[in-house]
Student: 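Before anything else, here's the structure in question.
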Amino acid sequence: MKRKQRTEILIQDGGVLAKELAEMVTQNYKFREMEEPHYGLTMIKMRETAKKSLFYLGEALVTEAKVEVHQSIGIGIVIGMEEELAKHLAIIDAAYRAELPETIEWEEKLVVAAEKIYQQKVKQQAEILKTKVNFETMEV
């Protein structure tokens, strides 16, 4: 699983799985906070659809953290004021970069979490579609 997909799952899961995975690492390995979770601003880049050109939509508040696990550096960045989640993401990222044996077991947990998130989105979409108005069948 790629880093981007893994991070999206961990964030969309609400941080529950991220906390669980990070605790597995911190219990078995020493880790060092290189940068404590701190706030920053980042530019949001968008692609204009007609000309396919890039432009900056604005800035977003993010929380960043950087840790070292087993001589590997991990970075966690999340939108909003989420210090704990940013730290957990950094620990997980460092564990993957260090190729710790625990990461092999995590793939199955991530796939299950991704399926759960997908099912929630499908359910939410179905609820939204119930309110859709079909103007072709409306009487005038």
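In what follows, residues are counted from 1 in the order of the sequence shown. All values derive from a computational prediction rather than experimental measurement.
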Student: Looking at every non-hydrogen atom in both residues, tell me the closest pair between P37 and T63 and how far apart they are.
Tutor: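 Smallest interatomic distance, heavy atoms only, reads CB-CG2, 4.2 Å.
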
Student: Does R32 have any salt bridge (charged side-chain N to carboxylate O under 4.0 Å, His left out) partners at least two apart in sequence or in another chain, and if so, which?
Tutor: E68

Student: To the nearest 0.5 Å, how far apart are CD in Q124 and NZ in K121?
Tutor: 9.0 Å

Student: Please report the closest heavy-atom contact between A90 and G76, naming both atoms and the distance.
Tutor: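 Smallest heavy-atom distance, with atoms named: CB-N, 3.5 Å.
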
Student: Using the side-chain contact (heavy atoms from CB on, under 4.5 Å) rule, pick out the option among V62, L61, I44, I11 that qualifies with I79.
Tutor: V62

Student: So which atom in I9 and which in A114 form the shortest heavy-atom distance, rounded to 0.1 Å?
Tutor: CD1-CB, 3.6 Å

Student: Not counting sequence neighbours, list each pair that qualifies as a salt bridge (Lys or Arg N to Asp or Glu O under 4.0 Å) and has a residue in residues 39-60.
Tutor: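 Passing the test, one end in residues 39-60: no pairs.
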
Student: How far apart are the closest heavy atoms of A18 and I92, and which atoms are they?
Tutor: O-CD1, 3.5 Å

Student: Within a radius of less than 6.0 Å around CE of M81, do more than 12 heavy atoms belonging to other residues, nucleotides or ligands occur?
Tutor: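 No.
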
Student: Kindly give the cluster partners of I104, where membership spreads through any ILVMFWY side chain lying under 4.5 Å from a current member.
Tutor: none

Student: Measuring from L85:CG to L10:CG, what's the distance to the nearest 0.5 Å?
Tutor: 8.0 Å

Student: Can you name the salt bridge (charged side-chain N to carboxylate O under 4.0 Å, His left out) partners of E20, sequence neighbours left out?
Tutor: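 Salt bridge (charged side-chain N to carboxylate O under 4.0 Å, His left out) list for E20, sorted by chain: K109.
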
Student: Quick check on the hydrophobic clustering: are V25 and F31 connected, directly or via other members, by side-chain heavy-atom contacts under 4.5 Å?
Tutor: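 Linked within one cluster.
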
Student: Please enumerate all residues that pass ring-ring contact (aromatic ring centres under 6.0 Å, His included) together with H38, with sequence neighbours excluded.
Tutor: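 Partners of H38 by the ring-ring contact (aromatic ring centres under 6.0 Å, His included) criterion come out as none, since no residue qualifies.
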
Student: R6 versus L110: any side-chain heavy-atom pair under 4.5 Å?
Tutor: yes

Student: Not counting sequence neighbours, which residues clear side chain to side chain contact (heavy atoms under 4.5 Å, CB included) with Y118? List them please.
Tutor: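 For Y118 the side chain to side chain contact (heavy atoms under 4.5 Å, CB included) partners, ignoring immediate neighbours, are E115, V122.
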
Student: Among residues at least two apart in sequence or on other chains, which ones pass side chain to side chain contact (heavy atoms under 4.5 Å, CB included) with E36?
Tutor: E33

Student: Just checking Q119: does its CD atom have more than 12 heavy atoms from other residues, nucleotides or ligands closer to it than 6.0 angstrom?
Tutor: yes

Student: For E127, does the CD atom have more than 12 heavy-atom neighbours from other residues, nucleotides or ligands under 6.0 Å away?
Tutor: yes

Student: Which residues pass the ring-ring contact (aromatic ring centres under 6.0 Å, His included) test with Y96, not counting sequence neighbours?
Tutor: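 ring-ring contact (aromatic ring centres under 6.0 Å, His included) list for Y96, sorted by chain: W106.
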
Student: May I ask you to test the I91-T26 pair for a side-chain heavy-atom distance under 4.5 Å?
Tutor: yes

Student: With side chain to side chain donor-acceptor pair (under 3.5 Å) as the rule and sequence neighbours excluded, what pairs involving residues 69-86 come up?
Tutor: Y39-E83

Student: Any chance CZ of F55 has more than 12 other-residue heavy atoms, nucleotides or ligands included, within less than 6.0 Å?
Tutor: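 Yes.
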
Student: Check L17 against A113 and note the closest heavy-atom contact, atom names and distance.
Tutor: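 Smallest heavy-atom distance, with atoms named: CD2-CB, 3.8 Å.
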
Student: Any idea which heavy atoms bring H88 and A22 closest together, and the distance?
Tutor: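 H88 and A22 have their closest heavy atoms at CD2-CB, 3.7 Å.
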
Student: If the condition is salt bridge (charged side-chain N to carboxylate O under 4.0 Å, His left out), which residues does K116 pass it with, not counting sequence neighbours?
Tutor: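 Not a single residue meets the salt bridge (charged side-chain N to carboxylate O under 4.0 Å, His left out) criterion with K116.
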
Student: Quick one: side chain to side chain contact (heavy atoms under 4.5 Å, CB included) partners of K130, sequence neighbours excluded?
Tutor: none

Student: Using the test side chain to side chain contact (heavy atoms under 4.5 Å, CB included), find all partners of I75 that sit at least two apart in sequence or belong to another chain.
Tutor: R3, K66, I77, D93

